[in-house]
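The next block holds one structure in the form of structure tokens; read it before the comments.
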There are 2 protein chains.
Amino acid sequence: MEAINLNRLAYFAAVVDTGSFTKAADRLGITKTVVSQQVARLEVELETSLLIRTTRRVEPTEAGRMLYARCVMILREAEDAVDELSEARAEPMGVLRIAAPHDYGASMIAPLAAGFARRFPACTVDLVLSDARADLVADHIDVSIRVGWLDDSTLQARRIGSFRQRLVAPANQFGAIAAREPEDLAALPFIANGALREPLLWHFARGDFDRRVVRMRQGLSINTTPAVLAATLAGGGLSVLPDFQVADHLGSGRLVEVLPEWTLPSGGIHAVYPAARFRPPKVTAFVAMLVEEIRRSEGKR
Amino acid sequence: MEAINLNRLAYFAAVVDTGSFTKAADRLGITKTVVSQQVARLEVELETSLLIRTTRRVEPTEAGRMLYARCVMILREAEDAVDELSEARAEPMGVLRIAAPHDYGASMIAPLAAGFARRFPACTVDLVLSDARADLVADHIDVSIRVGWLDDSTLQARRIGSFRQRLVAPANQFGAIAAREPEDLAALPFIANGALREPLLWHFARGDFDRRVVRMRQGLSINTTPAVLAATLAGGGLSVLPDFQVADHLGSGRLVEVLPEWTLPSGGIHAVYPAARFRPPKVTAFVAMLVEEIRRSEGKR
DNA sequence: ACATACTGTAAGCTATAAGCTAACAATGAG
DNA sequence: CTCATTGTTAGCTTATAGCTTACAGTATGT
């Protein structure tokens with residue numbers, strides 16, 4: 001079949017509906033000439049006479065009535081389709097698939113996702129925790145939360161917050177707590193985070209000008225942040241962890257910040273999404289909520 | 001709602017079907033550029049992102065999947081519609097409404113219509129006998145059979161046969177049978193057919209040059225042909241009747257032709273139909289059958 | 001019976017949209 | 001790393017949707 005022009009079906013249906021080329025043209029917002037011509041072309045396409053025209057009346061032929069019945073179905077279906085889409089556009093709905101790393105996902109995103117799902121009942125949230133960088137398109141991920149530093153960029157990203165890295169030690173690690181200068185750390189037991197590109201090389205800063213680079217001693221290396229935290233809490237040694245992971249433990253005193261007057265590079269937290277022309281409302285709404293909530297919690301921190 | 005471009009739905013559906021702009025373009029027989037552009041415009045029309053494109057893959061968004069489901073329905077419906085029409089075009093089907101005058105309809109058309117209905121089981125025949133000239137369009141008449149002489153002409157017509165008018169008298173009307181010249185008739189009792197324009201004025205011809213015009217005596221006037229026939233058979237007088245009405249009676253001897261060597265004007269039998277661009281097959285088929293059968297029966301006559 | 005207003009179509013034109021070619025950036029396969 | 005293939009962009013041509021004007025035919029109103 002050689003694909004007829006669907007728009008002409010709409011024109012034809014309008015003529016049958018209104019019983020007049022002139023009225024159909026009015027409804028369609030074009031001139032009757034065009035309607036007449038387009039319907040004539042449709043008849044040529046179909047090699048069938050659809051309407052019997054008198055100057056005063058227009059009546060469908062039998063073929064015309066058959067086609068009209070189909071057109072009604074088609075047009076209703078099309079209309080429903082765009083209605084459905086505009087509803088979908090207005091209110092977040094459907095499934096929102098969020099990808100996030102285990103650590104940040106569990107501690108920060110999960111509660112927010114729960115709040116989002118409650119706020120928009122028509123929207124189901126599917127939070128996928130994984131430290132592997134997911135293929136957004138293949139896995140149908142709507143938003144991926146990335147902690148750290150962005151590299152590739154065919155994707156669009158929005159910075160939703162930031163984090164500081166803190167050098168911490170278990171409260172009983174007196175040697176570490178006694179350190180006064182970054183260089184003092186090189187000899188201490190250090191738990192490296194294998195997920196980082198340079199797990200041992202750390203850039204310390206104090207004020208605007210004081211910079212030190214220290215290479216830690218390779219002792220234990222663990223490739224996920226929660227496990228590094230656990231090992232640190234267990235007394236395995238010093239480690240560098242993001243603030244959102246250690247805040248509780250610093251508050252309770254189980255961990256102690258080492259060299260608090262020195263800062264380590266801070267990173268960004270980004271929401272990353274495929275470069276689609278029009279962002280689905282569920283994504284827009286979720287990212288908006290993220291930004292708001294995280295700004296608030298960082299203010300308290 | 002401001003009527004979106006339906007053709008673009010077909011393009012979009014092709015992309016989702018094939019999973020590729022390039023393949024969709026191939027299937028549609030256009031370039032991928034156009035597909036890309038048209039789908040992009042559809043997205044603008046709908047203010048929604050339908051596809052997530054990587055250079056390597058194309059995946060529908062959630063809105064895209066929703067729309068695609070609708071498109072499948074729409075396209076199937078459209079395809080069915082044209083299939084239905086081309087089937088309808090190939091074989092006569094549906095209702096064929098025929099209008100005909102009582103006399104010719106009953107004696108000639110009715111048997112042919114019966115044969116036609118038998119020949120095409122998918123086609124129902126509705127034979128409407130009436131001597132009033134019907135409004136073809138208003139009454140959904142597909143073919144109107146007209147006996148005599150055509151006047152108006154917004155309609156299309158095809159001559160399917162002809163008839164001769166015969167001057168007849170009942171077998172016991174010896175005065176009429178004794179007539180030798182047309183002029184002898186003026187004094188005889190004559191039954192006029194009021195349905196004609198000039199019921200009394202008759203043009204006789206013999207050979208190529210002999211012409212006579214005779215005005216009959218106004219005696220009885222009846223405005224339908226069958227009634228004229230009945231009156232004639234009852235011995236009311238002479239009358240002029242079409243050959244298809246009197247053939248049987250001439251054969252049985254109940255009527256006798258008067259002045260058989262003189263001929264009266266012959267008329268045409270026409271099939272008349274609305275001026276539609278493409279004639280429905282049922283009409284074409286029926287008229288073809290008419291022409292064939294009537295030629296055959298006139299040959300015998 | 002006659003003028004009139006309105007019907008659908010035809011003809012000729014304009015502008016827009018559909019379509020093509022060529023070139024490009026991105027990406028995955030080998 | 002190279003190369004083929006993907007979808008998009010840009011620039012252009014062609015087709016066609018659409019408008020204006022004009023016309024023939026027909027109901028309708030007077």
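Reminder, nothing fancy here: chain letters follow the sequence lines and each chain counts from 1. Keep in mind it's a predicted model, so treat the numbers as computed, not measured.
Between the CD1 atom of I52(B) and the C1' atom of dG7(D) there is a distance of 15 Å, rounded to whole Å. In this structure, L42(B) places its CG atom 15 Å from P of dA17(C), rounding to the nearest Å. To the nearest angstrom, C1' of dT9(C) lies 14 Å from CZ of R41(A). One atom, OH of Y11(A), and another, C1' of dG8(C), lie 17 Å apart when rounded to the nearest Å. Counting to the nearest Å, the P atom of dT16(D) and the CG atom of N7(B) are 12 Å from each other. The distance from atom CD of Q38(B) to atom C1' of dT16(C) is 12 Å, rounded to the nearest whole Å. Between the CG atom of N5(A) and the P atom of dA17(C) there is a distance of 15 Å, given to the nearest Å. As a whole-Å value, the separation of E59(B) CD from dT6(D) P is 16 Å.
Within the nucleic acid shown, V35(B) has no heavy atom closer than 4.0 Å to any nucleic acid atom.
Partners of R158(B) according to the side chain to side chain donor-acceptor pair (under 3.5 Å) rule, which considers only residues two or more places apart in sequence or in another chain, do not exist here.
In this structure, S20(A) and Q37(B) both approach DNA chain C, and ranking their closest nucleotides by distance from the 5' end singles out S20(A).
Checked for salt-bridge contact, R53(A) and E59(A) miss the test: no charged N lies under 4.0 Å from a carboxylate O.
Listed by residue number, the members of residues 22-33 of chain A with any heavy atom below 4.0 angstrom from DNA chain C are T22(A), K32(A), T33(A).
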